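Values reported hereafter were calculated over all heavy atoms of this structure, with side chains retained and with hydrogens, waters and symmetry mates removed. Every value quoted in this text rests on a predicted model; they were computed, and no experiment measured them. Quick note: residue numbers are just sequence positions, from 1.
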Amino acid sequence: MYSNAYVWSRVLSYLEQHSPAAAGLAYFDDTDVLELNEEKLVIYTPSAFRKDVILNRYRDIIEEAMREQFQTEIRLEVLDDDDLPQYKFNQRKRAFVQFNSQYTFETFVVGSSNQHAYSAAEAVAEERTSAYNPLFIYGQSGLGKTHLLYAIANRIQQKHPEYNIVYIKGDQFINEFLEAVRSGKNFEFRDKYRNADLFLIDDIQFIAGKDSTQEEFFHTFNTLYENHRQIVLTSDRVPSDMLRLEDRLRTRFEWGLIVDIQPPDYETRWAITKNKALSLGMALPDDVCDYIAENITNNVRQIEGTVKKIKAYHDLSGMPTDIASVSRAIKDMYKGKAAAVPTPDLIISEVCRFYSIEENILRSTLKTRNTAEARQISMYLIRKMTNLSLEDIAKEFGKNHTTVLYSIRRVEEDLSNTSSGLQDNVREITANINSRL
C-alpha cells in the first residue's frame with residue numbers, strides 16, 4: 001500500500017496535468033491528508049474558503065485521479081478548522097481503549113516499598129494536584145509500574161469518558177514514529193499524541209540515543225505540557241542515569257515529581273501472594289503464603305507467576321496446597337536476582353532494539369558499520385553475561401570461534417578508548433538487558 005504522502009503527490013500531479021486552471025493548485029499549499037482508505041480520501045485545509053473552492057472546483061477531478069490510481073470509487077471529503085474537532089472526536093471514539101480492568105488502585109497491594117508511587121499516582125488520577133506533571137515513576141521490571149499507569153487510566157476514564165487517553169510503550173513509540181516518517185503520516189502521528197488529554201508512556205528509557213525520536217518526543221512533550229495535559233512516564237532508572245538521553249528531555253522529566261518503586265518487603269510479598277490466589281479463586285494457607293514470601297523475592301511479577309503455577313498444578317493434577325507439595329512445584333522459581341542470567345536471544349534482542357536493526361540482519365553476513373558494531377557488541381555481551389563458550393556463541397551467528405574472538409577483542413579495545421562513545425552504548429544496552437531479567 002502506498003503512503004498517503006505518495007498518493008497525494010500523485011493526485012496533485014494529475015491535477016497539474018489535467019486541470020484547466022493549473023494556477024489554482026495554490027489552493028492546495030496547506031492541505032494535509034488525514035485519512036485514506038478503500039472508501040474515502042479525507043484532506044484538511046485550515047481555510048473555510050479553500051475548502052469550498054476545492055469541493056466546488058476540484059472534487060470531480062480529484063475523485064477521477066483516485067479512480068485512475070485505485071480502479072475504484074473513492075469519495076473526497078474536505079475538512080477545515082471548524083470541522084476538525086468533531087473529526088478528531090469521532091476518531092477517538094473509534095480508537096477507544098479499554099484498559100485492563102484488573103489493574104486498578106483497589107487491586108494494587110500497597111506497602112512501604114511502593115507507598116509514595118501509589119499516593120502520587122492516585123493524586124494524579126483524582127486530579128488533586130497539578131504539580132506532579134510530569135509524574136515519573138521508576139523501578140526494576142515487574143514491580144507494578146504498568147499497573148499504576150493502568151490504574152490512573154481506569155480511574156480517569158471512569159470520571160471523564162470523553163477524555164482522549166493515550167498509552168504507549170517507549171519502543172512502540174519509536175516504531176510508530178519511524179513508520180509515520182516512512183509512510184508520510186506525520187500529521188496523523190502528531191495528532192494522535194499531541195491531542196491527548198492524558199499521556200501515559202511506559203519504559204521511556206528506550207528512546208534514549210534515538211536522536212530523531214527524541215526530537216519528536218521533545219515537541220510532543222512541550223505541546224502537552226503547555227496545554228496543561230497530564231503526562232505520566234515510567235522507566236527502569238532515573239533520568240540522570242539515562243546516559244544517552246538529551247539534556248533538554250532530562251530536565252523536563254525532572255520538572256514534576258520523581259518517585260521510585262522498590263522490590264516488595266516481606267509483608268507486601270505476603271499480601272500480594274494472598275490476594276493473587278484469592279483473585280484466581282484459590283485460598284492458600286497462611287504457612288504457604290509465608291513460604292512463598294520468604295523465597296520469591298525478586299518482584300511482583302515473579303510472585304504472581306508462582307501463584308499461577310501452583311493454581312495450574314492444583315487444577316490439573318489435584319496437587320494439595322501444602323508446603324511440601326508447593327515447594328516441589330516451585331523449586332525452580334526461587335533463585336536470587338544475582339543468579340539470573342540473560343539468554344543470547346534476550347541480549348541480541350536488546351542490541352537490535354538499541355541499534356534499530358532486525359535480528360535476521362544482525363545474524364546475517366551484512367557488514368555495514370552499524371550492523372558490524374551491533375554484531376560485535378552482541379558477541380561481547382553474550383561472552384560477558386553468560387557462560388557460553390566461543391564455539392557456542394559462534395553457532396548463534398553462523399560464524400567460527402575465531403571471528404567471535406576477534407569481535408570480542410575489538411570491542412574490548414574500543415571500550416578502552418574513552419573518547420569512542422562505545423562505553424555509553426554498552427552501559428545502556430546492559431541496563432536494558434538487566435531490566436528485563
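- With sequence neighbours excluded, the residues satisfying salt bridge (Lys or Arg N to Asp or Glu O under 4.0 Å) with Lys309 are Asp332.
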- prompt: Do Thr104 and Asn154 pass the side chain to side chain donor-acceptor pair (under 3.5 Å) test, and can you show the C-alpha distance, the side-chain angles, and the key distance before you say yes or no?
  reply: CA-CA 7 Å; Thr104 65; Asn154 278 317; over 6 Å; no
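- Using modelled atom types, no side-chain atom of Asn133 and backbone atom of Gly256 make a donor-acceptor pair closer than 3.5 Å.
- At a threshold of 4.0 Å, the pair Asp197-Arg229 counts as salt-bridged, since one of the basic side-chain nitrogens sits closer than that to a carboxylate oxygen.
- At most 12 heavy atoms of other shown residues, nucleotides or ligands fall within 6.0 angstrom of atom OH in Tyr406.
- With sequence neighbours excluded, no residue forms a salt bridge (Lys or Arg N to Asp or Glu O under 4.0 Å) with Asp287.
- Between Arg410 and Asp414 a salt bridge is recorded (basic side-chain N to carboxylate O distance below 4.0 Å).
- One finds a salt bridge joining Glu176 and Lys192 here, because a Lys/Arg side-chain nitrogen approaches an Asp/Glu carboxylate oxygen to under 4.0 Å.
- For Arg375 (side chain) and Ser364 (main-chain N/O), a donor-acceptor pair under 3.5 Å exists by modelled atom type.
- Counting only distance, with no hydrogens or angles, the side chain of Asn114 and the backbone of Ala117 share no donor-acceptor pair below 3.5 Å.
- Gln423 places a side-chain N or O within 3.5 Å of a backbone atom of Leu415 that can act as its donor or acceptor partner.
- Smallest separation of non-hydrogen atoms from Ser113 and Pro263: CB-O, 3.4 Å.
- The 12-atom threshold is exceeded at CZ of Arg128, counting heavy atoms of other residues, nucleotides or ligands nearer than 6.0 Å.
- Partners of Lys210 under the salt bridge (Lys or Arg N to Asp or Glu O under 4.0 Å) rule, at least two apart in sequence or in another chain, do not exist in this structure.
- Between His147 and Tyr103, the ring planes lie perpendicular to each other; the angle is over 60°, past the 30° to 60° tilted range.
- Ring geometry for Phe221 against Phe253 counts as tilted: the plane angle lies between 30° and 60°, on a 0 to 90° scale.
- Counting non-hydrogen atoms of neighbouring residues, nucleotides and ligands closer than 6.0 angstrom, the NZ atom of Lys159 exceeds 12 such neighbours.
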Side chains of residues 168-175: which donor-acceptor pairs under 3.5 Å do they make with residues two or more places apart or in other chains?
residue : atom : partner : partner atom : Å
Asp171  : OD2  : Arg353  : NH1          : 2.5
Gln172  : OE1  : Lys169  : N            : 3.4
Asn175  : ND2  : Asp171  : O            : 3.3

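- Between the side chain of Asn295 and the backbone N or O of Tyr291 there is at least one donor-acceptor pair closer than 3.5 Å.
- No donor-acceptor pair under 3.5 Å is formed between the side chain of Asp203 and the backbone N or O of Gln205.
- Applying the salt bridge (Lys or Arg N to Asp or Glu O under 4.0 Å) criterion to Glu267, with sequence neighbours excluded, gives no partner residue.
- When atom types are taken as modelled, the side chain of Thr220 and the backbone of Glu216 share a donor-acceptor pair closer than 3.5 angstrom.
- With a 6.0 Å radius and a threshold of 12 heavy atoms from other residues, nucleotides or ligands, His401 has its NE2 atom at or below the threshold.
- Environment of CD in Glu391: crowded, with over 12 heavy atoms of neighbouring residues, nucleotides or ligands closer than 6.0 Å.
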I'd like a table of donor-acceptor pairs (distance under 3.5 Å, sequence neighbours excluded) in which one partner is a side-chain atom from residues 314-324, with atom names and distances.
residue : atom : partner : partner atom : Å
His314  : ND1  : Met319  : O            : 2.8
Asp315  : OD2  : Lys311  : NZ           : 3.3
Ser317  : OG   : Tyr313  : O            : 2.7
Asp322  : OD1  : Ala324  : N            : 3.3
Asp322  : OD1  : Ser325  : N            : 2.8
Asp322  : OD1  : Ser325  : OG           : 2.9

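- At least one donor-acceptor pair closer than 3.5 Å links the side chain of Lys145 to the backbone N or O of Gln140.
- In this structure, OG in Ser235 is found 12.0 Å from CG in Asp260, a value given to the nearest 0.5 Å.
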message: As a quick check of understanding, evaluate side chain to side chain donor-acceptor pair (under 3.5 Å) for Thr371 and Thr368, giving each step before the final call.
response: CA-CA 5 Å; Thr371 304; Thr368 65; 2.8 Å; yes
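- Ring orientation note: the planes of Tyr138 and Phe136 are tilted relative to one another, at an angle of 30° to 60°.
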task: Test Asn425 against Arg244 for side chain to side chain donor-acceptor pair (under 3.5 Å), laying out the working first.
output: CA-CA 8 Å; Asn425 292 3; Arg244 291 164 55 83; 2.6 Å; yes
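- Few gaps surround CZ on Arg427; more than 12 heavy atoms of other groups in view lie less than 6.0 Å from it.
- Contact detail for Leu422 and Glu373: the closest heavy-atom pair is CD1-OE2, 3.7 Å.
- Proximity of a side-chain donor or acceptor of Thr430 to a complementary backbone N or O of Val426 within less than 3.5 Å is detected.
- Under the 4.0 Å criterion applied to side-chain N and carboxylate O atoms, Glu294 and Arg269 are not assigned as salt-bridge partners.
- The pair Glu246-Arg248 meets the salt-bridge criterion, since a charged nitrogen lies less than 4.0 angstrom from a carboxylate oxygen.
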message: Could you walk me through whether Ser141 and Arg301 satisfy the side chain to side chain donor-acceptor pair (under 3.5 Å) test, starting with their C-alpha distance in whole Å, then the side-chain angles of each, then the deciding distance to 0.1 Å, before giving a yes or no?
response: CA-CA 8 Å; Ser141 178; Arg301 193 172 296 145; 3.0 Å; yes
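- Thr386 places no side-chain N or O within 3.5 Å of a backbone atom of Arg383 that could act as its donor or acceptor partner.
- Counting non-hydrogen atoms of other residues, nucleotides and ligands closer than 6.0 Å to CD of Glu358 gives a total of 12 or fewer.
- Residues Asp286 and Lys274 are paired through a salt bridge, judged by an N-O separation under 4.0 Å between the basic side chain and the carboxylate.
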